[in-house]
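Below: one structure, written as structure tokens.
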2 protein chains.
Amino acid sequence: MSSRNEITKLLTFFREINPISREAEQALTNLASLVSIKKNLDLQPTGVTCRTIYFVHSGLARIYYYKDGNEITEYFAFTNDIIVRAESLFTGKPSKKAIQAVEDTVFIGIPSAQLFQLYDLFPDIERLFRKIIESAYVDTVNRIESIQFHTAEERYKQLLSENPSMIQRIPLKHIASYLGITQVSLSRIRAIR
Amino acid sequence: MSSRNEITKLLTFFREINPISREAEQALTNLASLVSIKKNLDLQPTGVTCRTIYFVHSGLARIYYYKDGNEITEYFAFTNDIIVRAESLFTGKPSKKAIQAVEDTVFIGIPSAQLFQLYDLFPDIERLFRKIIESAYVDTVNRIESIQFHTAEERYKQLLSENPSMIQRIPLKHIASYLGITQVSLSRIRAIR
DNA sequence: CCTTTCTTTTTACATATGTTAAATAATCAG
DNA sequence: CTGATTATTTAACATATGTAAAAAGAAAGG
């Protein structure tokens, strides 16, 4: 499969969110490039300002950071999911977070500076990305509710029912920190049948 | 102060986020209207789809909902803050959440359908609101980190140092549910001097 | 295939927060 | 001002999750 075909798949996904003109699709395609990262390696390290917006083409990735010496997973991205360290991209500050391939992963990268220039030429593209962020915002608000008002056991079981493959594909230590608990707690929860 | 002057104050605030043309400002002003709500009364009830984007002109408001019969405060909005039930606005579904005035509050309301039409006429306005949502998204991601990796005591003390007036202006029961703890827990935390 | 390393589970104990109920304190309406 | 309502604190006990250390299991490299 050529690079262009891989980007076409992402454009197809974009059409469901917000259709954009053929010229706009072409402009996006010209900006986009593929990056392959082997399992457990970082796509982007901490300490650098985020200047690229990534989508997962294949594989599985995560955003993580360190808290008191412990690695915390903040987000998992599957096929077609956006993966971006928003707190750095939107503020211009160096990111304290890193992006890592959980499996061998192919990313589609779009340089943010050039994308923002396209916003001026193609309001449709700006609208597309506005809607992507709106959707991410709603997801995040819902996640706060999930964290604050469900026990770790409830959150684990919900994750298990909504996305059972995660348990197979992702080390439990990452799932534990994503759920906001220790690995020991997760193990205990899993043991209760 | 006339209604127009109150909206002018909001436009001044908008200029710092993303300047828009004079025509765009005029179009926004034409859409905007003022709503005054007395303390403890709802601006928007639950069960209805959110069709208006509000900003706080003066006073103080919150978004809340019911969880197992208990009232949970999700968000506080101060002067110039946006207050909107995003999970309903962006999905078109009825909201399970309500907006309430914590003090006598003046809101500036912008009907979402008409605002979205303005996006077509004035890409600057769409950009302004994209940036507002991006900023809200970053705030929300940071809040997840705060909830997951700080104790309730740490979160209370941070809130106290960042925004001490909240403790005076808002009943502690609302602050407790905002922090994700019971009022009893908050009281205990406060007692430790 | 074996050794090393990484991941997951188990155990024992510590602690933060929840639950329920009652006591105080503050606010509000008449 | 006064009684009623609402908000806040306190107490006693229950429970979920954290911490530390060790054991067991799985994966990876030579």
Using a cutoff of under 3.5 Å, can you pull out all pairs of nitrogen or oxygen atoms linking the protein to nucleotides 18-22 of chain D, with atom names and distances?
from: D:dG18; atom 1: OP2; to: A:T182; atom 2: N; distance (Å): 3.1
from: D:dG18; atom 1: OP2; to: A:T182; atom 2: OG1; distance (Å): 3.2
from: D:dG18; atom 1: OP2; to: A:S185; atom 2: OG; distance (Å): 2.6
from: D:dG18; atom 1: N7; to: A:R188; atom 2: NH2; distance (Å): 2.9
from: D:dG18; atom 1: O6; to: A:R188; atom 2: NH1; distance (Å): 2.9

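- Salt-bridge formation is not detected for the pair B:E87/B:K96: no Lys NZ or Arg NE/NH1/NH2 atom is positioned less than 4.0 Å from an Asp or Glu carboxylate oxygen.
- In this structure, A:I99 CD1 and A:T105 OG1 are separated by 11.0 Å, a value rounded to the nearest 0.5 Å.
- The aromatic rings of B:Y64 and B:Y66 sit perpendicular, their planes meeting at an angle over 60°, well past the 30° parallel limit.
- The overall bend of the helix from C:dC1-D:dG30 to C:dG30-D:dC1, read as the angle between its terminal helix axes built from five base pairs each, is 60° when rounded to 10 degrees.
- Within 4.0 Å (heavy atoms only), A:T151 reaches sugar-phosphate atoms of the nucleic acid but no base atom.
- For A:F149, there are no ring-ring contact (aromatic ring centres under 6.0 Å, His included) partners at least two apart in sequence or on another chain.
- Between A:I175 atom CD1 and C:dT9 atom P there is a gap of 11 Å when expressed in whole angstrom units.
- At a threshold of 4.0 Å, the pair A:E71-A:K173 does not count as salt-bridged, since none of the basic side-chain nitrogens sits closer than that to a carboxylate oxygen.
- Taking both residues in full, the closest heavy atoms of B:D81 and B:Y75 are given as CB-OH, 3.9 Å, listed atom of the first, atom of the second, then distance.
- With respect to the salt-bridge test (charged N to carboxylate O, under 4.0 angstrom), the residues B:E126 and B:R130 do not qualify.
- Note that CZ of B:R188 and CD of B:E153 are 11.5 Å apart. Values are rounded to the nearest 0.5 Å.
- Where B:S187 and A:E153 each meet DNA chain D at their nearest nucleotide, the meeting point lying more 5' is that of B:S187.
- Atom P of nucleotide D:dT15 and atom CD1 of A:I189 are separated by 16 Å, given to the nearest angstrom.
- One interatomic measurement links the two molecules: CD of A:E154 to P of D:dA16, which rounds to 11 Å at whole-angstrom precision.
- Considering OG of A:S146 and CD1 of B:I147, their distance stands at 10.5 Å, rounded to 0.5 Å.
- Ionic pairing of A:K38 and A:D104 is present here: one or more N-O contacts between side-chain nitrogen and carboxylate oxygen are shorter than 4.0 angstrom.
- Rounded to a whole Å, the OH atom of B:Y156 is 11 Å from the P atom of D:dT8.
- With B:Y178 as the aromatic partner, B:R143 meets the cation-pi criteria of under 6.0 angstrom to the ring centre and within 45 degrees of the ring axis.
- As rounded to whole Å, 16 Å separates atom P of C:dT7 from atom CD1 of A:I167.
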Considering only nitrogen or oxygen atoms on both sides, find all protein atoms under 3.5 Å from nucleotides 26-29 of chain C and state each distance.
none

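- Note that the CG atom of B:L160 and the OG atom of B:S165 stand 10.5 Å from one another [nearest 0.5 Å].
- A heavy atom lying under 4.0 Å from DNA chain D marks none of the residues of residues 58-68 of chain A.
- Atoms CD1 and CD, on B:I7 and B:E25 in that order, are 12.0 Å from each other to the nearest 0.5 Å.
- Protein atom CD of A:Q148 is 13 Å distant from nucleotide atom P of C:dT17, rounded to whole Å.
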Expected rows: protein N/O vs nucleotides 4-7 of chain D N/O, under 3.5 Å:
from: D:dA7; atom 1: OP1; to: B:K173; atom 2: NZ; distance (Å): 2.7
from: D:dA7; atom 1: OP2; to: B:K173; atom 2: NZ; distance (Å): 2.6

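- Between A:F55 and A:F14, the ring planes are perpendicular. Angles over 60° get that label, and only those under 30° would be called parallel.
- Between the CZ atom of A:R62 and the CD1 atom of A:I175 there is a distance of 11.0 Å, given to the nearest 0.5 Å.
- Looking at every heavy atom in both residues, A:S88 comes nearest to A:V48 through OG-O, 4.2 Å.
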